[in-house]
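Everything below concerns the one structure shown next.
Because only heavy atoms are used, hydrogens play no part in the values below, and waters and symmetry mates are left out as well, while side chains stay in. Numbers restart at 1 for each chain; the letters A, B, ... are given by sequence-line order, proteins then strands.
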Number of protein chains: 2
Amino acid sequence: MTHSPVPASATPKLEEQLCFAVYLAGHAFNRMYRTVLADLGLTYPQYLVMLVLWECDGLSVKAVGERLMLDSGTLTPLLKRLEAAGLIRRERSRQDERQVRLHLTQAGEALREKSRCVPEAMGAAIAQSPEEIGHLAAQLKALREALLNAAADKS
Amino acid sequence: MTHSPVPASATPKLEEQLCFAVYLAGHAFNRMYRTVLADLGLTYPQYLVMLVLWECDGLSVKAVGERLMLDSGTLTPLLKRLEAAGLIRRERSRQDERQVRLHLTQAGEALREKSRCVPEAMGAAIAQSPEEIGHLAAQLKALREALLNAAADKS
DNA sequence: GACAATTATATTGTGCGCTATCTAATTGGA
DNA sequence: TCCAATTAGATAGCGCACAATATAATTGTC
């Protein structure tokens, strides 16, 4: 990358570079995940949903959304596609009919085995030590919290 | 964040945590930028395009795309909306009629002044030292390069 | 018990990012 | 010079993320 859209001259612009770096890193992860998840027939957000359900089947849409920080506007169509792909079954809860419970199908459960290669492929792609990875993740978490706090203050 | 969709137990899963952290940080930046850029009437990707053109007016779609790592599938509709908003003018190049040149309008140029508050607002939200910011950005850049290299190898 | 307030999910609308494809223009090689 | 190969940008299709809104169900208060 020879040029960045943000001038590197003045200190106040440094945070713009950080945002752009996050933006581009996200795109790069998407690119990589598309390749790695192609065999599973999943997109990354779908994979995240499956991860959550593999860990705890039968969660409500709300619970999954809380885990992934996604709202129903994003989740409902995504879940419909997972259902259409035969991986999950959506079921209105008897106890509280506002809720929809998400259940893995047999095909959905079986896909877990196939997904074991995903973190390994990602690890090979990233090619950094666990310390570096953990530290970077922690920094991004702190960054996210700072941003969400600031955004909440502004609204 | 009490739970993550990726189990924190095994080391090979650490990179999934990193990816999720990038994913969530990107969302948080989006949230923040939506607030900060509301007065300008721009989305973040539109803002990036304006940053590039403020720095160098008259670039081709391709040149802008190279700066932002975006292709014409993303850019063309985005540029059309900027044109519709009266901020830019798209003009077919006489020298090479395949090219479209992007020119700022007066309104587009005038918006630059208004945009000066953006990096300051972002800086206040991030609330970290320039050293920390710079280091994090450099790490993300390295991460991105590693991912893109690995994705290229896989295809 | 009645009803306002709240909650859960679905839907609508918009913008984005990417792959695949297309059209027109330009370049490169014979 | 001619034409195949390449390039630039547009378009189509799909999935995602989010704000706003709607509908139905549940909760909380009087």
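- Between Tyr44(A) and dG15(D), a side-chain N or O to OP1/OP2 separation shorter than 4.0 Å is absent.
- A sub-4.0 Å separation between OP1 or OP2 of dG15(C) and a side-chain N or O of Lys80(B) is absent.
- Residue Arg90(A) is in sugar-phosphate contact alone, with no base atom involved, counting any heavy-atom pair closer than 4.0 Å across all strands shown.
- In terms of position on DNA chain C, the residue among Gln95(B) and Thr74(A) whose nearest nucleotide sits closer to the 5' end is Thr74(A).
- For Arg92(B) and dT7(D), the CZ to C1' distance is 12 Å, given to the nearest whole Å.
- Residues Leu70(A) and Arg101(B) each lie close to DNA chain D; by heavy-atom proximity, the contact nearer the 5' end of the strand is made by Arg101(B).
- Side-chain N/O atoms of Arg98(B) and base N/O atoms of dT7(D) include a donor-acceptor pair closer than 3.5 Å.
- Between the OG atom in Ser60(B) and the CD atom in Gln95(B) there is a gap of 11.5 Å [rounded to 0.5 Å].
- Look at Tyr23(A) and you'll find a side-chain N or O under 4.0 angstrom from OP1 or OP2 of dG17(C).
- Per the geometry, CZ belonging to Arg94(B) stands 18 Å off C1' belonging to dA8(D), to the nearest Å.
- Between the side chain of Glu91(A) and the backbone N or O of His103(A), no donor-acceptor pair lies under 3.5 Å.
- For the pair Arg81(A) CZ and dA17(D) P, the interatomic distance rounds to 10 Å; values are reported in whole Å.
- Side chain of Arg34(A), nearest nucleotide from dC18(D), dA25(D), dC18(C): dC18(C).
- Residue Gln46(A) places at least one side-chain N or O under 4.0 Å from the OP1 or OP2 atom of dC16(D).
- With a 4.5 Å cut-off on side-chain heavy atoms, Met122(B) and Leu147(A) count as touching.
- Nucleic acid contact class of Leu78(A) (heavy atoms, under 4.0 Å, all strands): sugar-phosphate only.
- In the set dA25(D), dT7(D), dT11(C), the nucleotide with an atom closest to the side chain of Thr76(A) is dT11(C).
- Clustering ILVMFWY residues whenever any of their side-chain heavy atoms sit less than 4.5 angstrom apart, transitively, puts Leu140(B) in a cluster other than the one holding Leu148(B).
- Asn30(A) comes within contact range of no nucleotide atom at all, as no heavy-atom separation falls under 4.0 Å.
- One can place CG of Leu102(B) at 12 Å from C1' of dA8(D), the figure rounded to the nearest angstrom.
- The CD-P distance, from Gln99(A) to dT6(C), rounds to 19 Å in whole Å.
- Here the nucleotide nearest the side chain of His27(A), chosen from dC16(C), dC18(C), dT26(C), is dC18(C).
- Formation of a donor-acceptor pair under 3.5 Å by the Gln17(A) side chain with backbone atoms of Ala137(B) is not found in this model.
- Nucleotides of DNA chain C nearest to Asp71(B) and Leu75(A) differ in position, and the one nearer the 5' end is that of Leu75(A).
- Contact annotation for Thr43(B): backbone-only contact, meaning every heavy-atom pair under 4.0 Å involves sugar-phosphate atoms and none involves a base.
- Atom CG of Leu82(B) is separated from atom C1' of dC16(C) by 13 Å (rounded to the nearest Å).
- Separating the CG atom of Leu37(B) from the C1' atom of dC16(C) is a distance of 15 Å, rounded to the nearest angstrom.
- For the pair Arg112(A) and Glu109(A), the salt-bridge criterion is not met [side-chain N within less than 4.0 Å of a carboxylate O].
- Contact annotation: side chain of Ser72(A) to base of dA8(C), donor-acceptor pair absent below 3.5 Å.
- Rounded to whole Å, the distance from CG on Leu79(B) to C1' on dT11(D) is 14 Å.
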